[in-house]
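When a ligand or atom number is given, it counts from 1 through the structure's own listing order.
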Amino acid sequence: MALKYLPGKLQDAEQRKLLDALRAVMEEAPLFTPTMPRSGKPMSVRMTNCGPLGWVTDRERGYRYQAMHPATGKPWPAIPEALLTLWREVAGYPADPEACLVNYYVGDARMGLHQDKDEEDFAAPVVSVSLGDSAIFRVGGLSRKDPTQALELTSGDVVVLGGEDRLAYHGIDRILPGTSALLPEGGRLNLTLRRVTKRG
Ligand code: SIN
Ligand code: FE2
């Protein structure tokens with residue numbers, strides 16, 4: 001398995017139901033502005049998490065997973081059932097995800113090319129779900145210098161980065177405002193489901 005692109009994987013009604021569940025997540029665990037290690041430069045996306053572990057970053061302690069929301073100090077809310085069901089269907093991995101990062105992009109928000117490598121185990125894939133406005137997703141190889149290709153992700157699309165592509169460089173060039181009516185406030189939510197620790 002490598003990169004799997006599942007366009008339109010979630011139907012409209014499934015997207016709305018998932019969005020309702022995510023609204024509850026964001027109510028309990030508000031979006032925060034992450035900052036880069038050392039420089040403290042704010043990222044343009046806002047984020048929160050659900051699941052036993054959440055990915056966070058700040059100037060002092062850098063990229064990491066932790067069990068508590070950095071601002072509220074409370075545990076992250078549970079991963080919505082619909083996302084666990086999706087993972088069990090598409091991940092091809094015999095254990096549930098431990099982390100679901102929720103990224104919110106609006107306006108000029110973007111995400112530079114990076115690898116997801118803060119996990120202890122790369123045997124499980126990363127499963128990504130797009131909701132709301134479309135985005136230009138860029139994916140390359142295992143080296144930053146490898147050629148990349150662009151993929152327009154629309155609401156309901158699912159991407160699975162696994163196998164030899166688990167550590168592929170990827171990022172979001174930009175979102176395409178006004179391309180979806182799912183979020184009345186506009187913008188794009190992206191959910192990334194991951195295993196963090198080794199099994200057993
Ligand atoms: C990420 O790599 O964390 C997000 C990718 C996306 O927004 O599609
Ligand atoms: Fe990523």
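Atoms of the protein (N, O or S only) found under 2.8 Å from the Fe ion (ligand 2) are H114 NE2, D116 OD1, H170 NE2.
Relative ring orientation between F32 and H69 is described as perpendicular, the plane-to-plane angle rising above 60° on a 0-90° scale split at 30° and 60°.
For ligand 1, one of its N or O atoms has an N or O atom of R188 under 3.5 Å away. Checking only distances, Y105 does come within under 3.5 Å of ligand 1, N or O to N or O.
In terms of modelled atom types and a separation under 3.5 Å, the side chain of T33 and the main chain of P42 share no donor-acceptor contact. Distance alone, capped at 3.5 Å, places no donor-acceptor pair between the E152 side chain and the I136 backbone. Proximity of a side-chain donor or acceptor of D157 to a complementary backbone N or O of G8 within less than 3.5 Å is detected. The closest donor-acceptor contact from the side chain of H114 to the backbone of H170 lies under 3.5 Å. Of the possible donor and acceptor atoms, none in the side chain of E28 sits under 3.5 Å from a partner among the backbone N and O of V25. Formation of a donor-acceptor pair under 3.5 Å by the W55 side chain with backbone atoms of Q66 is not found in this model.
Side chain to side chain, E120 and T197 fail the donor-acceptor criterion of an N or O pair below 3.5 Å. Side-chain atoms of T57 and R64 form no donor-acceptor pair, as typed in the model, at a separation below 3.5 Å.
Of all the atoms in ligand 1, the ones that sit under 4.0 Å from a non-hydrogen atom of N190 are 4 (C), 5 (C), 6 (C), 7 (O), 8 (O). Near H114, meaning under 4.0 Å from one of its heavy atoms, ligand 1 places the atoms 1 (C), 2 (O). When each atom of ligand 1 is checked for a heavy atom of I172 under 4.0 Å away, the hits are 6 (C), 7 (O), 8 (O). If you number the atoms of ligand 1 from 1 as listed, the ones under 4.0 Å from a heavy atom of H170 come out as 2 (O).
Of the protein's non-hydrogen atoms, N103 OD1, 3.4 Å is the one closest to atom 3 (O) of ligand 1. Counting only heavy atoms of the protein, atom 1 (C) of ligand 1 lies nearest to M111 SD, 3.7 Å.
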How far apart are the C-alpha atoms of E81 and R88, what are their side-chain angles, what is the distance that settles it, and do they pass the salt bridge (Lys or Arg N to Asp or Glu O under 4.0 Å) test?
-> CA-CA 11 Å; E81 200 55 39; R88 290 168 194 156; 3.6 Å; yes

